[in-house]
Each structure stands twice: as C-alpha cells, then as structure tokens.
A.B. asks: 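My structure is below; once you've seen it, I'll send some questions.
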Amino acid sequence: MRKKIVAGNWKMNTLPAEGVELAKAIAAGRDQVCECVHFIVCPPFTHLLPVHDALRGSGIVLGAQDCAAEAKGAYTGEVSAAMIAATGCRYVILGHSERRQYYGETAATLNRKMAQAYAEGLAPIYCVGENLEEREAGRHLEVVRTQIEEVVYRLTPEQFASLVIAYEPVWAIGTGKTATAEQAQEIHHYIREVLAARFGAAAEECSILYGGSCKPSNAAELFSRPDVDGGLIGGAALKADDFLAIGKGFAR
Ligand code: 13P
C-alpha cells in the first residue's frame, strides 16, 4: 500500500515564531485525522530547527523546500543536504516550478541536488508539471514525461523506493484554479505508467501528490481518484485548520 501524504510547502511565508505556532496548532489537531495520513511540513530553512522541536512527538515529519547541488564549500547562500538532514528533516522538495522558473533550475542541476539528497538520507519530493501554454497546446503529458525521464530515470531502484512525486500544474499554483479530479487522475495515471516503464512494479508503491490550489473544499474529490495519493499544499498549508481539513479528505 502506498503512503497517503499531505505535505505543506510554506514557501517564503511566516517568521520563525509564527511558523512554530502554526506547527504547534497542526500537531495539536493531528488526532482529528486518520493515522493513515502521513503529514509533512516544509518551512523555510530558518525555521527547521524550532519547527522540528514543535512537532516532536506528533508523528508529523519535517521537510525542506530545496537543497544545494554541492556537498559543502564556497557556495555563499546555499544550504547543504547534510545541514538539512541535521535539523531532523526527512524530506526535501526538489524541482518546484518556482525554482525552475525563477532560479533557472535545469535537469542537470536537479540531478546533482537529487544525488545530494539521497547521500544524506533525505527522500526527495520531486515536482513536475506543465504551464498554461503547454497545457493549451496539448503537450502536458510530454512535458511531465520529459521531466521524469531527465531526472527520475537516473535513479537506482533503491533510490526510487523512497521518492515521492508531486504533479503541480503551473497554471493551478496559487491561482485558485484547480485541475479537475479527472484531469489529475489522467496525468497521475500517466506518470505512474512512465515510472513503471523504468521501475516496473515499484511504480505502484510510489506516492504521487497533486499540487495547485488544493484546499479543504476539493481535497476529498481529488483524493478519491485511484492514482492521487495526496497533496502538496501551498496557501492552504498556512492555516492549521485548512491543512488538517485537507487530511480529512481521505476517507477514514
Ligand atoms: P498553492 O496550493 O498555493 O496553489 O501552491 C501549490 C504549490 O506550489 C505547492 O508546492
């Protein structure tokens, strides 16, 4: 059985004290949601240690939003996978569309980041997704296939076993527009086929999350589809009640 995951990507939001309050509120409400749901929160780097403390004993797991492509050294401003792992993180988001778009992250960079993450025992949450122009041109399947082939196909089967994929259509991120459950299922199923072509039956065990204006009002519908294994949540992850309500989108 693959994991049901609700992961919060806080992006560049909250000050550390606010992040700690948010984490505490999520931890306090955790027992309202089925134990079968695996919650992950991904705050900014500056909050990782205090948020890790705030989550202690809750079963909620910590993730980072990015890591450096190098192990250590003269890379001003970068944060290494080893530093992230030392804060208690278990996951790291890689290849988010905002990083591809605003910081020019390419497949070559992402391959190096993936290698760093695995070397430090972090499980990557690897993001794929097409933009509006690509969707309108009917190229969405081809775009995500390329994003997977260029990076995920290079993993070993052992590495693939801990990978999480997030499908995030760029046109749905922060826009209030959500992919319909049918659109999500179509592409999640396709992603699983692309994974199976390289990794065989292990593709059945890989959690594929939907991201893009996922919120309490649409989570249950999205999560009812067989290949939608949870969500990577932006805006709605900044309110404890909404984040927990998204977790309730999984039938108990
Ligand atoms: P929103 O939920 O704010 O659309 O963001 C989605 C996202 O980018 C999560 O990584």
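Every value quoted in this text rests on a predicted model; they were computed, and no experiment measured them. Counting starts at 1 for both ligands and their atoms, following the listed order. Just so you know, these numbers use all the heavy atoms, side chains as well, and skip hydrogens, waters and symmetry mates.
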A.B. asks: Should the pair His47 and Trp10 be assigned to parallel (<30°), tilted (30 to 60°) or perpendicular (>60°) ring geometry?
C.D. replies: perpendicular

A.B. asks: Can you list the atoms of ligand 1 that are under 4.0 Å from a heavy atom of Asn9?
C.D. replies: 9 (C), 10 (O)

A.B. asks: Less than 4.5 Å apart, any side-chain heavy atom of Arg192 and any of Arg2?
C.D. replies: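 Arg192 reaches Arg2 side chain to side chain.
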
A.B. asks: For ligand 1, is there an atom lying under 4.0 Å from some heavy atom of Ala172?
C.D. replies: yes

A.B. asks: If you measure from CD1 on Ile191 to CZ on Arg145, what distance do you get to the nearest 0.5 Å?
C.D. replies: 12.0 Å

A.B. asks: Short list, please: which atoms of ligand 1 are under 4.0 Å from a heavy atom of Gly212?
C.D. replies: 4 (O), 6 (C)

A.B. asks: What are the two closest non-hydrogen atoms of Thr109 and Ala69, and how far apart are they?
C.D. replies: O-CB, 4.2 Å

A.B. asks: Going by the closest heavy atom to atom 4 (O) of ligand 1, which one wins out of Gly174, Gly235, Gly231, Gly234?
C.D. replies: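 Answer by nearest heavy atom: Gly174.
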
A.B. asks: For ligand 1, which atoms sit closer than 4.0 Å to a heavy atom of Glu168?
C.D. replies: 6 (C), 7 (C), 8 (O), 9 (C), 10 (O)

A.B. asks: Can you label the angle between the Phe199 ring and the Phe160 ring as parallel, tilted or perpendicular, going by 30° and 60°?
C.D. replies: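 Judged by the thresholds at 30° and 60°, the geometry between Phe199 and Phe160 is parallel.
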
A.B. asks: Under a 4.0 angstrom heavy-atom cut-off, which atoms of ligand 1 come close to Ser213?
C.D. replies: 1 (P), 2 (O), 4 (O)

A.B. asks: Can you find a non-hydrogen atom of Lys215 under 4.0 Å from ligand 1?
C.D. replies: no

A.B. asks: Could you state the interatomic distance from CZ (Arg154) to CZ (Arg198), rounded to the nearest 0.5 Å?
C.D. replies: 11.0 Å

